[in-house]
Engineer: 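Dropping the structure in here first, questions after.
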Amino acid sequence: MRIEEKFKELKERKEKALIGFVTAGYPSAEDTKEIANALIKGGIDILELGLPFSDPIADGVTIQRASESSLRAGMNPDLYFEVAARIKGAEKVCLTYYNLVLQRGLEEFVKDCESAGIKGLIVPDLPVEESKPLLKICEGYETDLIFLVAPTTTEPRMAKILDAASGFIYVVSLLGVTGAREKLSDSIRPHIRRIKEMELSMDRPVPLAVGFGISKPEHVRAVCEVADGAIVGSAFIKIIEEGLRSEDDMLRKIEEFARSLKKETKGA
Amino acid sequence: MLSKPDEQGKYGIYGGKFAPEVLMSALEELEEAFNSFSHDKSFKEELELLLRTYAGRPTSLYFAKNLSEAFGARIYLKREDLVHGGAHKLNNTLGQCLLAKHMGKRRIIAETGAGQHGVATAMAAAVLELECEVYMGTEDVERQKLNVFRMKLLGARVNPVDSGSKTLKDAINESMRDWVTNVENTYYLIGSVVGPHPYPLMVREFQRVIGKETKEQILNAEGRLPDTIIACVGGGSNAMGIFYDFLEDDEVELIGVEAAGKGLESGEHGASICAGTKGVLHGMYSKLLQDRHGQIKQSYSFAPGLDYPGVGPELAYLAESGRVKMVSATDEETLSAFEILSMSEGIIPALESAHAIHYAIEEAKRKAKERRNHLIVVNLSGRGDKDIFLVEKVLGDKCNVH
Ligand SMILES: Cc1ncc(COP(=O)(O)O)c(C=O)c1O
């Protein structure tokens, strides 16, 4: 199912999307499959699987540490696509940095995404101005190139982004890098309103999913009141981190946490 | 040929803006501010006054008589080591701090490797009354204690960076993360001709003063242009600074010297153009040191200012086009040049600059066989005070100190 169809299906059920992010290969490639299954059992709708890069400038310490650890444990694109292909039960999107896409070759990378059942690609250091070559290739496959819109994105930029966007828009909730925050940013509502107005005027209704800093059920509830989905990443990675230090049943915790978040996307 | 970035900030295929969306409007704002202020008369006068009375410009073009006699060419040194702070870095930080001030940004952040750019930023921020924070890898904090202390004395806060390889590239990552977070009140002052557009253009423009002065000075001294200009290349700012105004003078050979570290074959070096491949890092498409998957490799040089796995896009472009010739010098070769210049001219060069001195000596020896009076200008980008402890450690008893 294409990503936009997934959002449509959820809408019919009066649900919003819960998108869960984890770094592939953290703590190991084998663990990733089990962690993904726990997330899926807990009810996430879309799995965002990170392919780690050595220099993740858009990420806060939690995901940086996970990326470093995953790379040290031997994660690489070949292994990533193998792992991704084995995960079933949710729609999958890939998050990585542009250099990894470039070095594999744009077409090769997108082809591998399609073969592994990955329906979307998020590249946080690829702004719309530089996205043409990759966008063109994505259009030839069943893969959406997913763009980010930030609170600082100006109207002219937003128009360019909406024009190129498909799948969903990754709405960056705050000025900053990824990482769990205590409080949700106050500016989310006006930020979303601004994007929706632009979507309306351009007649391009791409679903909006909000990410960065979302770490609690009440955050998810608040986001789902105004947007089509919530993206949670660092909060899951933290559970994995803690799980490595203690004897806790990390997989069960992940599943339960995912369930507690998913509940908030229903009937919103 | 004069190189100029296109609308997307590209030099041929190199350059561009590969930055997180949060920063894209800040980069646009920066580009506009730079375009308007760099043509503004009062801005130019203010900068010119600072460069003259604070930084100590123009720096002299010194005829290195002893070195010339020893190796058989006429060798001049462009004395950027005499700039306040001890390196060319201040040319850029004064320009950018002034720009930040005009843009109404009061908080300056910068990355530093050797600490030279950090020190130069702290100085410019102090004199222009701006707040300054510098990111520095913990490995470099350890290697360059003296500069850490200087920055603190100058009123800057030094933030150690413990991620990744704990060196310059990670300090840049952390600066970008800070900028993403505080973009509304913060100016990110990049220290070389790297990063997303407009940084490579802007830093080159602020460093161009080196080449402009050199051209006038060499014409006065010799009545002709040099045959060869040589500069070391880390990110490429001192090289682009001295090269740019000679780009259209085809008879002038331009040579950039990268760090070959323990040798290009060893894999432990900082030679992104000589031994790297194309890719995207820190917001730019350029030549990088990376593995086949695109993970960035750790660079190595005993000169911390050259210890970076990337290079400025304009230089990558000029090298590919053939206008600039790129070579490299190992730690060992550089150390020998460091000693030679210290002994023969009484000038202790920065280890970075000593890479260029090494190649100048080699070039002089080669050319001495072909012709008389081959005219070489070397950009002596900095002085070596910061390096003496490291050199002492490496040289140990071998050092001829009496
Ligand atoms: C004295 C000196 N020369 C050269 C460099 C290398 O930088 P660039 O290639 O940008 O001139 C540095 C960097 O710290 C430096 O301190």
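Chain A is the first sequence line, chain B the second, and so forth, proteins listed ahead of strands; every chain is numbered from 1.
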Engineer: Between A:Tyr98 and chain B, which part of the residue has a heavy atom less than 4.5 Å away: side chain, backbone, both or neither?
Structural biologist: side chain
Engineer: Out of B:Lys10, B:Arg292, B:His282, B:Gln290, which one racks up the most heavy-atom pairs below 4.5 Å with chain A?
Structural biologist: B:Gln290
Engineer: Given heavy-atom pairs under 4.5 angstrom as the criterion, report whether the side chain, backbone, both or neither of B:Ile172 touches chain A.
Structural biologist: neither
Engineer: With side chain to side chain contact (heavy atoms under 4.5 Å, CB included) as the test, pick out the partner of A:Phe21 among A:Leu49, A:Ile63, A:Val232.
Structural biologist: A:Ile63
Engineer: Mind ranking A:Pro127, A:Pro156, A:Pro151, A:Ala150 by heavy-atom pairs under 4.5 Å with chain B and telling me who comes out on top?
Structural biologist: A:Pro127
Engineer: With the threshold set at 4.0 Å, does a side-chain nitrogen-carboxylate oxygen contact exist between B:Lys169 and A:Asp55?
Structural biologist: yes
Engineer: Does A:Ala116 offer a backbone N or O that forms a donor-acceptor pair with the side chain of A:Lys92 under 3.5 Å?
Structural biologist: yes
Engineer: Can any side-chain N or O of B:Arg157 pair as donor or acceptor with the backbone N or O of B:Glu133 at less than 3.5 Å?
Structural biologist: no
Engineer: Heavy-atom cut-off 4.5 Å, strictly under: side chain, backbone, both or neither for A:Val177 against chain B?
Structural biologist: both
Engineer: If you tally heavy-atom pairs under 4.5 Å against chain B, which of A:Leu126, A:Val172, A:Thr153 wins?
Structural biologist: A:Thr153
Engineer: With a 4.5 angstrom heavy-atom cut-off, is it the side chain or the backbone of A:Pro52 that approaches chain B, or both, or neither?
Structural biologist: backbone
Engineer: Can B:Thr138 and B:Asp162 be counted as having a side-chain donor-acceptor contact under 3.5 angstrom?
Structural biologist: yes
Engineer: Looking only at side-chain N and O atoms, does B:Glu31 offer a donor or acceptor that is under 3.5 Å from a partner on B:Asn35?
Structural biologist: no
Engineer: Where does B:Lys278 contact chain A at under 4.5 Å (heavy atoms): side chain, backbone, both or neither?
Structural biologist: backbone
Engineer: On a heavy-atom basis, which atom in A:Gly229 and which in A:Val223 lie closest, and how many Å separate them?
Structural biologist: O-CG1, 3.5 Å
Engineer: Check whether A:Leu102 gets within reach of chain B through its side chain, its backbone, both or neither, counting any heavy atom under 4.5 Å.
Structural biologist: side chain
Engineer: Please flag which part of A:Glu129 lies under 4.5 Å from any non-hydrogen atom of chain B: side chain, backbone, both or neither.
Structural biologist: both
Engineer: Using a cut-off of under 4.5 Å for heavy-atom pairs, which of A:Asp59, A:Val149, A:Val123 has the most such pairs with chain B?
Structural biologist: A:Asp59
Engineer: Is there a donor-acceptor pair under 3.5 Å between the side chain of B:Asn92 and the backbone N or O of B:Val203?
Structural biologist: no
Engineer: B:Val183 versus chain A, heavy atoms under 4.5 Å apart: side chain, backbone, both or neither?
Structural biologist: side chain
